[in-house]
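A, B, ... follow the sequence lines: proteins, then strands. Residue 1 opens every chain.
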Protein chains: 2
Amino acid sequence: MALTIKVNEETFTPRQQAVLTAALDLLVENGDGLTMTAVARRASCSKETLYKWFGDRDGLLTATVQWQAAKVRMPVVDRSHLNAKALRLSIEQFARDLLTVITGEVSITLNRTAVTHAAQEKDSLGIIVLENGPLAIRRRLKPILEAGRDARLLRFDSSEDAYRTFFGLVVRDVQIRLLLGDKALTQTNVVANIEADVKAATDQFFALYGAKANNP
Amino acid sequence: MALTIKVNEETFTPRQQAVLTAALDLLVENGDGLTMTAVARRASCSKETLYKWFGDRDGLLTATVQWQAAKVRMPVVDRSHLNAKALRLSIEQFARDLLTVITGEVSITLNRTAVTHAAQEKDSLGIIVLENGPLAIRRRLKPILEAGRDARLLRFDSSEDAYRTFFGLVVRDVQIRLLLGDKALTQTNVVANIEADVKAATDQFFALYGAKANNP
DNA sequence: AACGAACCGTACCGTACGGTACGCCTGCGG
DNA sequence: CCGCAGGCGTACCGTACGGTACGGTTCGTT
């Protein structure tokens, strides 16, 4: 159970999804408040049903994170005719999606849950969150970057390095500060600046990896 | 108790420091294993003493994190005669310090503990970790950056933005992946690449903010 | 020597929570 | 109409852990 990571969407009945929704709500409202009793009460079901469906508490947690993380599907960017303007818009869109997801309350909750989980020799949740968060973006961004390089619009040796630089330029210290509960970073504040941050990060990315850049 | 954040180094007796060391060891070994009984046994002291010294479990946790985080004192960089080479060495040193700290087992543990804590309406640990981690670097880096600007070696409008870009270029996705327990990032692997990453990040930082850079 | 403070070890209490058992209701196939 | 499977609600059990109490020991002070 702990070792089987079902990457594909598990097929949950509507009733089960209602239970998962209740569990997620409890997680968001009160991070550690995910007790089986609380979920049962919130979802109006019996604890016995929870155990029948999800095995144990960890199974319920995993199902919740898995199910919710998989819902974070960012819009696919058009990849045809890669002129400079289209490429820039694509990059900006990725930056915007990444920042929007990361600053969302659900994402913060899932990441906190996974980090907490990772602090106890359990890493399955961390893998799930990674797989559906940064790595999902990476999988979709890399082909765009490489297409940009093929079109002589970008210049880099390793698309992995380019991706990680992009991640750093966009995320900066926002995620860790949100995870640590930095009050100075109210989400409204961050959200209000997303557009400016997106533009700045994209500018910097092109300054480093644009074809005309003077990087080694 | 919960509201008083003692920024200055609390003066702990050697015996108390031994207790805090035991607590930290337990945290590192087994993230959630910080039970009062375990600490008392490890430190060969009585639980009653723990409660007398630290008030309650949260007090012990706070004292441990506070005490340990404050120990992360990165070497001060020479700020005199800022020629281009000295500035670059300083920046590199900051990058190296930041990466070294972040990838350390103690830092990972403290950050995980603080994130877990933040998931429960408690934010004091997060503040402590932030204050002694990223913000400590920021406090010491900003003057250097501004001195570099005064010396016409760097060009930027906001030193805050410059710092955050520096943070992103150096940290990238390393910290969040370590916090989530990404096995693909064994620490030895990261540590082995620190020097290369330091150089790359510094190159990129100067490409963006160096006086000869073509940034707006 | 006598006293008391600090502290260790351990036993103890109350509670919270994971997990299980059981009685009851509802809906559906024969 | 009967039986039964699925599921709800609740009661229950065992354990782990935070927090307290207490007897015994060491050590410094007078």
Visitor: Quick check: closest heavy atoms across A/T202 and A/A95, and the distance to 0.1 Å?
Guide: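 Smallest heavy-atom distance, with atoms named: OG1-CB, 4.5 Å.
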Visitor: Run the salt-bridge test on A/K199 and A/E195 with the 4.0 Å N-O cut-off and return the result as yes or no.
Guide: no
Visitor: For a quick test of reading the model: is some side-chain N or O of B/W53 closer than 4.0 Å to OP1 or OP2 of C/dC7?
Guide: yes
Visitor: From CZ of B/R41 over to P of C/dA11, roughly how many Å is that when rounded to an integer?
Guide: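 So the CZ-P distance, B/R41 to C/dA11, works out to 12 Å.
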Visitor: When you measure from the side chain of B/R172 to the backbone N and O of B/D197, does any donor-acceptor pair fall under 3.5 Å?
Guide: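 Answer holds: no.
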Visitor: Would you mind building the protein contact string for nucleotides 12-26 of chain D? One character per nucleotide, 5' to 3', B for base within reach (heavy atoms under 4.0 Å), S for sugar-phosphate only, - for untouched.
Guide: -----SBBBBB----
Visitor: Do the side chains of B/D157 and B/R149 get close enough for a salt bridge, i.e. N-O under 4.0 angstrom?
Guide: no
Visitor: Under a 4.0 Å N-O cut-off, is there an ion pair linking A/E131 with A/R139?
Guide: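 Here A/E131 pairs with A/R139 in a salt bridge, since their nearest N and O are under 4.0 Å apart.
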